[in-house]
Amino acid sequence: MKKIAFVTGATSGIGEAIAKALAADHSVVICGRRKERLEKLANELRLNTEVFELSFDVSDSAAVNAAIESLPKEWQDIEVLINNAGNAHGRAPIHQGDLADWDAMIDSNLKGLLYVTRAISPRMVERKSGDIINIGSIAGKEVYPEGNVYCASKFGVDAATNGMRMDLNPYGIRVVGIHPGLVETEFSMVRFKGDEGKSESVYRGITPLYAKDIAETVKFVIDRPPHVTLADITIFPTAQASSTMVHRQS
Ligand code: NDP
Ligand code: 8X3
């Protein structure tokens, strides 16, 4: 068995690309709620490596613990944890926000990341070894209008990442925050609840980042020698300069 990587949100977009990139030199645990997608990805990855599928909702702490406890013994020593699962749900001014959307974002993006880390990190501490890579967002560095709660969830991820790095520092565990700008995935279709027009407009007139760009960054981070931690990385498409400044060709 190769070193084990555990990737949340592997059924789509950035997580799927990370699982594919890591499969070259890791055994991978792939996670997500959609079982058919997990199965399809597992069949593809099994051509290159050992794969274990875990279907659970990261926002359900009991389900997170049950899933991780269900791992066979030989899969329990996870060396690389990629906390990627998450989404934006809606985009609205604060006085019109939808409470169910708010709960989904805080519960999955922030609490889910914490639940998974709480379940996996003790064995890293015991072994004094491991990498934890949290996929934050530029939305966790700069707020933007109508991004309120999504931004708050990602600011939370940034704070939690920096806190984890301190707490795990005595054990030689590397903790990394990767904060992408606009990446073309299913993200905007989820955010805008299947509205293709709104979703496409997010990437109109630019060459966005692609999931593979983030996966290559993750691979680069992991492949640094053990004394090097790339603690905090913001990655934009070249057309983007900040959360609110994007140069679009008309
Ligand atoms: P996608 O919608 O393509 O993928 C989201 C993934 O997260 C899916 O695999 C989904 O799996 C999983 N997921 C969402 N909620 C849950 C949950 N409650 N429990 C388990 N899994 C969940 O979007 P991206 O790939 O773009 O997003 C991945 C991460 O990157 C997110 O954290 C997002 O905030 C972040 N990000 C994205 C950017 C972008 O522009 N696309 C920019 C910056 C950050 P399933 O539905 O099967 O459970
Ligand atoms: C996703 C990037 O700018 O849509 O985290 O919030 S943005």
Side-chain angles (χ1 to χ4, degrees), residues 6-20 30-41 53-61 63-64 67 82-91 100-101 103-116 133-158 160-161 177-194 198-199 201-203 206 208-215 217-218 233-237 239-246:
F6 187 105
V7 184
T8 68
T11 51
S12 173
I14 293 171
E16 182 179 339
I18 292 171
K20 286 180 180 170
I30 52 173
C31 311
R33 290 165 298 186
R34 287 169 289 180
K35 286 187 181 159
E36 340 68 63
R37 287 200 183 200
L38 279 181
E39 225 160 276
K40 186 165 172 283
L41 178 63
E53 298 155 56
L54 278 183
S55 177
F56 63 93
D57 183 335
V58 294
S59 69
D60 177 342
S61 61
V64 168
I82 314 285
N83 279 313
N84 161 78
N87 274 116
H89 297 280
R91 183 172 170 161
D101 283 346
D103 285 343
M105 290 186 279
I106 303 277
D107 290 352
S108 301
N109 303 356
L110 178 56
K111 289 166 71 179
L113 176 148
L114 293 170
Y115 296 153
V116 173
I133 299 178
N134 294 335
I135 306 298
S137 170
I138 187 57
K141 298 286 188 181
E142 305 167 20
V143 292
Y144 53 85
E146 302 183 351
N148 43 59
V149 178
Y150 178 65
C151 294
S153 74
K154 290 295 187 177
F155 268 72
V157 169
D158 191 30
T161 302
I178 297 183
H179 303 280
L182 297 168
V183 189
E184 190 168 13
T185 62
E186 293 173 26
F187 176 87
S188 290
M189 283 295 277
V190 174
R191 173 171 235 176
F192 297 116
K193 304 175 196 300
K198 277 189 185 168
S199 175
S201 72
V202 174
Y203 313 106
I206 64 165
L209 292 170
Y210 299 107
K212 190 166 177 282
D213 298 313
I214 309 305
T217 306
V218 167
I233 300 173
T234 295
I235 169 167
F236 282 139
Q240 183 171 15
S242 75
S243 260
T244 50
M245 187 171 179
V246 180

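When reading the values below, keep in mind they use all heavy atoms of this one structure, side chains included, and skip hydrogens, waters and symmetry mates. Atoms within a ligand are numbered from 1 in the order they appear, just like the ligands themselves.
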Per-atom contacts of ligand 2 with Y144, taking only distances under 4.0 Å to non-hydrogen atoms = 3 (O), 4 (O), 6 (O), 7 (S)

Return the option from A88, G86, G181 holding the heavy atom at the smallest distance from atom 38 (C) of ligand 1.
-> G181

Look only at interatomic distance and state if V58 has a nitrogen or oxygen under 3.5 Å from any nitrogen or oxygen of ligand 1.
-> yes

Atom indices of ligand 2, in the order listed, that fall short of 4.0 Å to a heavy atom of Y150 | 1 (C), 5 (O), 6 (O)

R91 side chain reached by Y144 side chain, heavy atoms, under 4.5 Å | yes

Could you check atom 3 (O) of ligand 1 against the protein and tell me its nearest heavy-atom contact, residue, atom and distance included?
-> S12 OG, 2.5 Å

Pair Y150 + F187: ring centers closer than 6.0 Å | yes

shortest atom 11 (O) of ligand 1-to-protein heavy-atom contact is with T11 OG1, 2.8 Å

Below 3.5 angstrom, do we get any N/O pair linking V183 and ligand 1?
-> yes

Test salt bridge (Lys or Arg N to Asp or Glu O under 4.0 Å) on E36 and K40 and set out the steps.
-> CA-CA 6 Å; E36 340 68 63; K40 186 165 172 283; over 6 Å; no

Here the atoms of ligand 1 under 4.0 Å from any heavy atom belonging to I135 are 30 (O), 35 (C)

Drop me the distance from T217's OG1 to L209's CG, to the nearest 0.5 angstrom.
-> 8.0 Å

Looking only at heavy atoms of E16, does any of them come nearer than 4.0 Å to an atom of ligand 1?
-> no

Can you tell me the protein heavy atom closest to atom 43 (C) of ligand 1 and the distance?
-> P180 O, 3.2 Å

Per-atom contacts, ligand 2 versus A139 - under 4.0 Å to a heavy atom = 6 (O)

Between T8 and N84, is there a donor-acceptor pair closer than 3.5 Å when you use the side chain of the first and the backbone of the second?
-> yes

Can you name the closest pair of heavy atoms from I138 and G181 and give their distance?
-> CG2-CA, 3.8 Å

Does an N or O anywhere in I138 fall below 3.5 Å from an N or O of ligand 1?
-> no

Short N or O distance, S108 and ligand 1, threshold 3.5 Å exclusive = yes

Pull out every atom of ligand 2 sitting under 4.0 Å from any heavy atom of R191, numbered as shown with elements.
-> 4 (O)

Any donor and acceptor pair, going by atom type alone, linking the side chain of D213 with main-chain N or O of Y210 inside 3.5 Å?
-> yes

State plainly whether the residues K35 and E39 are in salt-bridge range, i.e. N to O under 4.0 Å.
-> no

Run down the list N84, I30, V202 and name the one with the heavy atom closest to atom 28 (C) of ligand 1.
-> N84

If you measure every N/O of N87 against every N/O of ligand 1, is any gap under 3.5 Å?
-> yes

Does N87 reach the main-chain N or O of H89 with its side chain, forming a donor-acceptor pair under 3.5 Å?
-> no

Under a heavy-atom criterion of less than 4.0 Å, does N109 contact ligand 1?
-> no

Indicate yes or no for a side-chain donor-acceptor contact from E184 to the backbone of P208 under 3.5 Å, with no hydrogens or angles considered.
-> no

S137: numbered ligand 2 atoms lying under 4.0 Å from its heavy atoms | 1 (C), 2 (C), 5 (O)

For ligand 1, which atoms have a heavy atom of D57 less than 4.0 angstrom away?
-> 17 (C), 18 (N), 19 (N)

Can you name the nearest heavy-atom pair linking V157 to L113, along with the distance?
-> CG1-CD1, 3.9 Å

Ligand 1 contacted by G136 (non-hydrogen, < 4.0 Å) = yes

Nearest option to atom 6 (C) of ligand 1, as decided by whichever heavy atom of A10, G13, G9 sits closest = G9

Heavy atoms of N109 and G86 approach each other most closely as OD1-CA, 3.2 Å

Quick one: look at K154 and ligand 1, take heavy-atom pairs under 4.0 Å, and tell me if it's side chain, backbone, both or neither.
-> side chain

Is the side chain of Y203 donor-acceptor paired with the backbone N or O of V183 at a distance under 3.5 Å, no angle test?
-> yes

Nearest non-hydrogen partners of K154 and G136, listed with the distance | NZ-O, 3.5 Å

What protein heavy atom is closest to atom 34 (O) of ligand 1, reported as residue, atom name and distance in Å?
-> Y150 OH, 2.7 Å

Does the E142 side chain pair with the main chain of S242, one donor and one acceptor, at a distance under 3.5 Å?
-> no

Among protein heavy atoms, which sits nearest to atom 21 (N) of ligand 1, and what does the distance come to when rounded to 0.1 Å?
-> A85 CB, 3.7 Å

Here the pair of heavy atoms bringing A88 nearest to M105 is CA-SD, 3.9 Å

Is a side-chain donor or acceptor of R33 paired with a backbone partner of V58 at a separation under 3.5 angstrom?
-> no

Distance from atom 26 (O) of ligand 1 to nearest protein heavy atom, with residue and atom = T185 OG1, 2.6 Å

Starting from atom 15 (N) of ligand 1, which protein heavy atom do you reach first, and at what distance in Å?
-> R33 NH2, 3.2 Å

Which ligand 2 atoms does F187 reach within 4.0 Å, using its non-hydrogen atoms?
-> 1 (C), 4 (O), 5 (O)

If you measure every N/O of E184 against every N/O of ligand 1, is any gap under 3.5 Å?
-> no

List the closest protein heavy-atom neighbour of atom 25 (O) of ligand 1: residue, atom name, distance to the nearest 0.1 Å.
-> I14 N, 2.8 Å

